[in-house]
Amino acid sequence: MKTKTTKFLMMIMAITTLTIIGCSSDDNNPDPPGEGGGEATCTDGIQNGDEEGIDCGGSCPNACESEEGTDLTGSITEDRTLDASVSYVLTGTLSVESGVTLTIPAGTTITSETGTDKYIVVQKGGSIDIQGTAAQPVLMTSAGQNPGDWGGLVIAGDATTTEGIDAIAEVGGIIYGGTTDTDSSGSINYLIIDYAGAQINSESQYNGLSLYAVGSGTSIENVAILNGTDDGVEFFGGTVSVTNLYLENNEDDAVDWTEGWNGTVVNTYVLHTIEGFSTAVEADGINGNPTLTNFTAVSTENGTALQFKKESGATITGLSLTGYVVSVDMRDNGALANVQIDGATADPNLTYLAPPTVDIDLFSWVENASEVETIALSGTITTDTSLDANTIYLLDGNLSVEAPAKLTIPAGTLIIADAAGTEATETYIVVKKGAQIDILGTESDPVTMTSTGQNPGDWGGLVILGDATTTEGVDAIAEIGGFVYGGTNDADNSGTINYLIINYAGAQINSESQFNGLSLYAVGSGTTIENVGILNGTDDGVEFFGGTVNASNIYLENNEDDAVDWTEGWNGTLVDTYVSHTLAGFSTAVEADGITAGPTITNFTAISTADPGGTALQFKKETGATMTNVLLTGYVVNVDMRDAGDVANVVVDGTPLTSVDDDVFNGTPVDITMFSWITGD
């Protein structure tokens, strides 16, 4: 969202100035300027009556123009107070020099031109007093309203930093650092910084708010930093603390610190809704052990939440993370004990999913702030229903789409199964026979279904029941939930799936059966399934129970039973499939069971780096398949006819196999880059 900024053209009229000089000694003027006598004329070029300036203010209809101009650039060498009624334009670097205070009253807007030399810097020894209010925050934004337009606000202080005294900042050669940890650089209250992060060089960028060795005597509270191309706020040493900090879609890190910063941040809300951001927290250098109290971070784009480099650390209480793939990353293998979370050593195996510890309403004063709501998802859907990509859904039971309803899931939607609060076998999504699901992900914004625990088998995955044929007959009963499936309509349509990631499914039902990532019961050919990634399941990635459905562009990684499984006479097609096995103990790339009639498999690559490599293709009973362009790498056994079925039922590149040892699986690999939207490569 973009902040709408009204721009006013403020002009100082040279002609008016000359008129004032010429008329100020007019003998016919009964009221000397500034003395307030007589009546305001508003047009005579003289300050009279209750005019606040020459022909302006008071009972005159026009406001007084700024005497200092509206362009901000250069050095401020004496105390200056801006005028909230004026719209200022940052046309270059504005430097507040040592010994000087810049005061910015509530409601002031500063709009920057685009460029790397456009930023505001408070030099070491200088001071800034930003006096915003909830009703009238101070706004620093850009004319172009694009991330990276300008350099933001930079403050240099005299507190300690591991860089020493009078260190040189990467920004503008600014001097910072000293020995006064209680140093004051002024106060900031109710400030919005938007569209900062200009590129300095290939190695560095500006942040929204850069704090170089700023001391604890500085007061910073109620700050919102949005849409930057680098960090929201970065602390370079110092002891300053911040209260009530909102950070939205800063494309590198939301909060970054280095050089031994050891202040506190209280009540932080981080929101990530765009692809390609870095982290909610990045910490580097020694462990100055700063304190984060009540830290809530929400992502609709996965990613890493907290990253600690070298020996950095922190004490964190009230942590709530939602939507991140990695909770804690010790980038350089620093000691986990350096990071204390809610009284215990950080555990990267925990998701730290918890109710928000910071109320988003605390930042209702940020007019253009976004909000991502987290709501529970379970029960039955009996009428057409669409989810909201701006909501994170916590699957806290099974969700059943009943006939004839349709569930639509838009691009970018995140659904998280509650592994801690709900039984794994009771946590799944099922689309009943006669119902439909439309998963409308895109390459840049796939739909993701994952779990809070991020462990294989945390939940039951996605189950779809159709009306196509199966060897089990009409109205067969599924091993999952006793659901009814199967009929006579091979063209049956259960909806559309496009760009979907399913992670950590495969809950154990009993000793004989488990859920899969994607279970397809008698699903018909009218259903569209393409661009699907299924990872880290304890059973199969995808299993076809009869039906005629086709699937294309399928990526399957480390599903601990079979990557692709079919039975009950499935006879659809599978095109462009990539299977990756890197864990020991998996079963097979393909397991097929049942009658002779088999599906068509085109462009199938399966690669195992596990030790031992296991079996690639296993065919039970009399099942088979017609396969074209198959590449198998790293498997001990390529073909296993488990029940001594006819090996000729397996046709590869137009020729039936004559032996399980036929060397025919050397096809051209499926291009792994087509799945970069899953793998991140």
Side-chain angles (χ1 to χ4, degrees), residues 1-8 72 82-90 94 102-114 118-122 128-155 186-198 206-211 218-234 240 242-255 265-274 358-371:
M1 300 184 182
K2 296 182 178 179
T3 303
K4 296 180 180 177
T5 306
T6 305
K7 300 180 179 179
F8 299 97
L72 298 179
L82 301 187
D83 182 348
S85 68
V86 172
S87 291
Y88 293 94
V89 178
L90 186 66
L94 181 68
L102 171 64
T103 301
I104 306 179
T108 302
T109 294
I110 299 173
T111 303
S112 177
E113 294 179 346
T114 300
K118 311 300 189 295
Y119 60 92
I120 299 172
V121 56
V122 180
I128 191 166
D129 187 9
I130 295 177
Q131 303 174 337
T133 65
Q136 291 186 303
V138 169
L139 173 64
M140 297 180 179
T141 187
S142 74
Q145 296 191 343
N146 295 306
D149 272 350
W150 68 297
L153 175 60
V154 182
I155 303 177
S187 64
I188 297 175
N189 203 1
Y190 290 104
L191 168 65
I192 299 171
I193 299 174
D194 218 344
Y195 304 112
Y206 292 90
N207 308 296
L209 177 60
S210 301
L211 301 171
T218 308
S219 175
I220 302 178
E221 52 187 343
N222 300 307
V223 175
I225 307 171
L226 306 88
N227 306 311
T229 51
D230 200 56
D231 307 328
V233 58
E234 183 164 5
V240 67
V242 179
T243 301
N244 301 347
L245 181 60
Y246 178 83
L247 303 132
E248 179 183 316
N249 288 336
N250 295 283
E251 296 175 15
D252 194 7
D253 314 306
V255 178
V265 176
V266 179
N267 295 340
T268 305
Y269 195 102
V270 176
L271 181 61
H272 286 129
T273 65
I274 59 172
V358 178
D359 186 351
I360 187 64
D361 289 340
L362 185 65
F363 303 101
S364 60
W365 56 274
V366 186
E367 182 181 349
N368 56 343
S370 301
E371 182 176 358

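- Atoms OG1 and CD1, on T108 and I130 in that order, are 9.5 Å from each other to the nearest 0.5 Å.
- With sequence neighbours left out, D149 forms a side-chain contact (heavy atoms from CB on, under 4.5 Å) with T114, S142, N146.
- Minimum heavy-atom separation, M140 to W150: CB-CH2, 3.6 Å.
- Applying the side-chain contact (heavy atoms from CB on, under 4.5 Å) rule to D253 yields the partners D231, D256, S278, T279, E282; only residues at least two apart in sequence or on another chain are considered.
- Expressed to the nearest 0.5 Å, how far OG of S112 lies from CD1 of I193 amounts to 11.5 Å.
- In this structure the side chain of L72 never reaches within 4.5 angstrom of the side chain of V89, judged on heavy atoms.
- Residue D83 comes nearest to Y88 through the heavy atom pair N-OH, 2.7 Å, listed as atom of the first residue, atom of the second, then distance.
- Scanning both residues, A196 and N207, for their nearest heavy atoms gives CB-O, 3.9 Å.
- One side chain, S370 or E248, offers a donor N or O that lies under 3.5 Å from an acceptor on the other.
- For the pair L102 and I104, the minimum side-chain heavy-atom distance is below 4.5 Å.
- Here the closest non-hydrogen pair linking L82 and I110 is CD1-CD1, 4.0 Å.
- Side-chain contact check for D230 versus N250: every heavy-atom pair is 4.5 Å or farther apart.
- Atom CD1 of I128 sits about 6.0 Å away from atom CD1 of I120, to the nearest 0.5 Å.
- When the side chain to side chain donor-acceptor pair (under 3.5 Å) test is applied to T268, no partner is found at least two apart in sequence or on another chain.
- Only one option out of L245, L211, V265 pairs with I220 in a side chain to side chain contact (heavy atoms under 4.5 Å, CB included); it is L211.
- Applying the side chain to side chain donor-acceptor pair (under 3.5 Å) rule to Y190 yields no partners; only residues at least two apart in sequence or on another chain are considered.
- The shortest distance between side-chain heavy atoms of V242 and V233 does not fall below 4.5 Å.
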**Asked** Can you check side-chain contact (heavy atoms from CB on, under 4.5 Å) on D194 and Q145, steps first, answer last?
**Response** CA-CA 8 Å; D194 218 344; Q145 296 191 343; over 6 Å; no

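- Contact annotation: the side chain of L226 approaches that of Y246 to within less than 4.5 Å [non-hydrogen atoms, C-beta and beyond].
- In this structure the side chain of T273 reaches within 4.5 angstrom of the side chain of N249, judged on heavy atoms.
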**Request:** Run the numbers on D252 and T229 for side-chain contact (heavy atoms from CB on, under 4.5 Å), then give the verdict.
**Result:** CA-CA 6 Å; D252 194 7; T229 51; over 6 Å; no

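- Contact of the Y269 side chain with the N244 side chain is not registered, since no non-hydrogen atoms from C-beta on lie closer than 4.5 Å.
- When every heavy atom of N267 is checked against every heavy atom of F363, the shortest pair comes out as O-CZ, 3.9 Å.
- L191 approaches W365 most closely through the heavy-atom pair O-CH2, 3.7 Å.
- Contacts of D129 classified as side-chain contact (heavy atoms from CB on, under 4.5 Å), with partners at least two apart in sequence or in another chain: T101, T103, Q131, S187.
- In terms of the side-chain contact (heavy atoms from CB on, under 4.5 Å) criterion, residue partners of A198 (sequence neighbours excluded) are, by chain and number, T116, Y206.
- Of the inter-residue distances, the one linking T111 atom OG1 with K118 atom NZ reads 13.5 Å to the nearest 0.5 angstrom.
- Residues V121 and L153 form no side-chain contact, since every pair of their non-hydrogen atoms from C-beta on lies 4.5 Å or further apart.
- Side-chain atoms of N222 and T243 include no donor-acceptor pair closer than 3.5 Å.
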